[in-house]
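Report on the following structure.
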Amino acid sequence: MAIGKQFKVWQLISLVYATFLAMPAQAADFIAPTPWSTISSNDLSRLMPQDELKPLLAGDTEFLSLYRQHMSAQQRGVVLIIPDWQHLPTNNNGLNFLRTQLNDLGYATIAMTVPDIDWQAVPPADESETTEPAAAKQTTSSDNGEPSADTATPVVHVDAIAHISNAIIDNYKLNLIARFNALYQSALDEDGKIVVIAQGASAGVLLEHYGEYPNTNIDAFVSLSSYLPNSKRNQQLNAIISTISPPLLDIYYNIDNPDLLLSVADRKRWVKRHSKYDYRQRELFGLRSEPEQHERLTKEVDGFLRRLF
C-alpha cells in the first residue's frame, strides 16, 4: 500500500516537471537601469536647499546646477565649477569646499552636474574607414602569394593599452561642452570676471576644448588633477595645456592619478617651449578629502586669482 502511494507521488512529480518542460521558455523583459545623472539630480533636488537649485537647458536636455551668490561687499566675479565625470559637484575632493568658501571671497559660484558616460559609444564611420584600406592591402598581398615580413618573421611585442577609447571620451566631451556652454551663458548675467574650475577627466576635455580657441572667453582656468583616461590623448594634453589662451593654475596631489603624476614634468617642458608665462603648477600633499588640503586649495586658488586681477 505504501509502495503504491509512493509510486503515485513520483508519478505526479514527473507529470508536473514534464508540463513545465513543454511550456515555451519566455525570457524576462530587459529593464534599462536608471541613468546615473538622473539619480544624482534627484538626490540633489531632495537634499540641497531649494534656493540653490538652478535648472539649465543644454539643447533638449535639462540638467541641474547649484548657484550660490557672493557674500562680500563687492563682487569679484563668478566661478564655474565642473566636477570629474561620474562625480557630484558636492564631492569631498575639494570642489564643495570651494563652492561654498569662494562666496566669502567675492565670487558667485555655479556648479553643474556632468552628463552620463556612454560606454557603448562607437567611433564615426570615417575613422573606421581609415583602418580598412591598410587591412585590405595586407589581405591582398597575402592572397597573391607574396611573402610579407610579418608572416616571415613574426615580431612579438607589447603595445600600450588605451584605458578608454576615443569614441567614449569624444561622446562625453560633446555632451559636457553643450552643458558648459549653457553654464557659461548663465554666468554672463553676473558681474566681474569669469573663472572656470574643473576636475579630473572633465578638466582634461575642457582643456582640449580651449586648445581649439572657442568663443567662450574666460579670464582664468583652474585645473584640479586634470588628465584623460587614454594614454595617447593624455600625452597630447601636456602640449595642449601650454597653448590655451586663459591663464592656467594646474593643481595636483602627491597621491593622484598615475598618468597625471608621470605627465607633470612634461607639462613644464611644453610650457617652457611655448613661453606660457601665465601658467602655474602647484602640488598639494596628503589626501584630497582632508580639511587641511581644502584650506590650502582655497588659498592657492585665491592667491592665483588675486595675482591676475
Side-chain angles (χ1 to χ4, degrees), residues 80-87 93-95 112 114-115 117-119 121 123-124 127 159-181 184 195-284 288 297 300-301 304:
L80 308 181
I81 298 177
I82 299 94
D84 196 359
W85 62 358
Q86 286 196 324
H87 279 71
N93 292 336
L95 278 189
M112 77 173 196
V114 294
I117 304 174
D118 185 6
W119 299 107
E127 291 186 8
D159 294 329
I161 300 176
H163 299 296
I164 295 179
S165 66
N166 287 326
I168 297 176
I169 299 177
D170 290 338
N171 179 268
Y172 176 77
K173 178 180 178 180
L174 183 66
N175 296 327
L176 184 73
I177 297 304
R179 294 193 178 197
F180 175 76
N181 290 334
Y184 179 83
V195 181
V196 172
I197 300 179
Q199 188 181 52
S202 299
V205 296
L206 278 176
L207 287 171
E208 282 188 339
H209 176 64
Y210 274 97
E212 302 168 359
Y213 303 102
N215 296 326
T216 52
N217 297 322
I218 59 176
D219 298 288
F221 195 111
V222 179
S223 166
L224 304 180
S225 302
S226 61
Y227 76 100
L228 288 174
N230 183 287
S231 57
K232 184 176 181 180
R233 290 181 67 163
N234 196 57
Q235 292 178 357
Q236 297 173 351
L237 182 64
N238 301 332
I240 294 175
I241 281 177
S242 62
T243 61
I244 67 172
S245 56
L248 175 61
L249 174 61
D250 191 8
I251 297 178
Y252 67 97
Y253 293 81
N254 65 328
I255 304 175
D256 217 316
N257 184 277
D259 293 335
L260 169 60
L261 297 178
L262 292 174
S263 304
V264 169
D266 201 22
R267 292 182 180 183
K268 285 186 176 181
R269 294 173 62 243
W270 280 106
V271 165
K272 183 178 180 181
R273 175 178 177 178
H274 291 154
S275 301
K276 183 173 177 57
Y277 298 113
D278 53 3
Y279 173 85
R280 296 293 181 272
Q281 189 180 95
R282 294 292 181 267
E283 179 182 8
L284 301 183
R288 306 179 193 178
L297 175 63
E300 291 288 352
V301 173
F304 177 73

Atom [atom1] in [X], atom [atom2] in [Y]: separation rounded to 0.5 Å?
{"X": "Ile169", "Y": "Ile117", "atom1": "CD1", "atom2": "CD1", "answer": "10.0 Å"}
{"X": "Ser231", "Y": "Gln236", "atom1": "OG", "atom2": "CD", "answer": "9.5 Å"}
{"X": "Asn93", "Y": "Leu224", "atom1": "CG", "atom2": "CG", "answer": "9.5 Å"}
{"X": "Leu207", "Y": "Asp250", "atom1": "CG", "atom2": "CG", "answer": "8.0 Å"}
{"X": "Ile164", "Y": "Asn230", "atom1": "CD1", "atom2": "CG", "answer": "8.5 Å"}
{"X": "His209", "Y": "Ser202", "atom1": "NE2", "atom2": "OG", "answer": "13.5 Å"}

Run the side-chain contact (heavy atoms from CB on, under 4.5 Å) test against [X] and tell me which residues pass, sequence neighbours left out.
{"X": "Lys276", "result": "Ile244, Leu248, Val271, Asp278, Tyr279"}
{"X": "Asn257", "result": "Tyr227, Asp259, Leu260"}
{"X": "Arg282", "result": "Leu249, Ile251, Arg280, Glu300"}

Please answer whether the main-chain N or O of Trp85 pairs with a side-chain N or O of His87 as donor and acceptor at a distance below 3.5 Å.
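Yes: the side chain of His87 pairs with the backbone of Trp85.
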
Side chain Asn181, main chain Ile177, donor-acceptor under 3.5 Å
yes

Does Asp84 have any salt bridge (charged side-chain N to carboxylate O under 4.0 Å, His left out) partners at least two apart in sequence or in another chain, and if so, which?
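Partners of Asp84 under the salt bridge (charged side-chain N to carboxylate O under 4.0 Å, His left out) test: none.
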
Does Arg233 have any salt bridge (charged side-chain N to carboxylate O under 4.0 Å, His left out) partners at least two apart in sequence or in another chain, and if so, which?
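Arg233 satisfies salt bridge (charged side-chain N to carboxylate O under 4.0 Å, His left out) with Asp170, Glu208 only.
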
In residues 211-222, what donor-acceptor pairs under 3.5 Å come from side-chain atoms, sequence neighbours left out?
unit_1 : atom_1 : unit_2 : atom_2 : d
Tyr213 : OH     : Thr243 : O      : 2.8
Thr216 : OG1    : Tyr210 : OH     : 3.1
Asp219 : OD2    : Ile194 : N      : 2.9

Give the minimum heavy-atom separation between [X] and [Y], together with the two atoms involved.
{"X": "Gly204", "Y": "Leu237", "value": "O-CD1, 3.7 Å"}
{"X": "Ser226", "Y": "Ala203", "value": "CB-CB, 3.6 Å"}
{"X": "Ser263", "Y": "Asn234", "value": "OG-ND2, 3.3 Å"}
{"X": "Ala239", "Y": "Ser242", "value": "O-OG, 2.7 Å"}

Are the side chains of Ile168 and Trp119 in contact, using a 4.5 Å heavy-atom criterion?
yes

Taking the side chain as every heavy atom from C-beta outward, state whether Gln86 and Val114 have any atom pair closer than 4.5 Å.
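No - every pair of side-chain heavy atoms lies 4.5 Å or more apart.
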
What pairs with Arg288 under side-chain hydrogen bond (donor to acceptor under 3.5 Å, both in side chains), at least two apart in sequence or on another chain?
Asp256

Holding to side-chain hydrogen bond (donor to acceptor under 3.5 Å, both in side chains), I want the full list of residues that pass it with Asn238, two or more places apart in sequence or in another chain.
Asp266, Arg267

Output, in order, the C-alpha distance, side-chain angles, deciding distance and verdict of side chain to side chain contact (heavy atoms under 4.5 Å, CB included) for Met112 and Leu176.
CA-CA 10 Å; Met112 77 173 196; Leu176 184 73; 3.2 Å; yes

Qualifying ring pair (Phe, Tyr, Trp, His ring centres under 6.0 Å) pairs, either residue in residues 248-276, two or more places apart:
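Those involving residues 248-276 are Trp270-His274.
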
Which pairs, with at least one residue in residues 237-247 and sequence neighbours excluded, count as a salt bridge (charged side-chain N to carboxylate O under 4.0 Å, His left out)?
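Non-adjacent pairs meeting salt bridge (charged side-chain N to carboxylate O under 4.0 Å, His left out): zero.
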
Partners of Phe180 by ring pair (Phe, Tyr, Trp, His ring centres under 6.0 Å), sequence neighbours excluded?
none

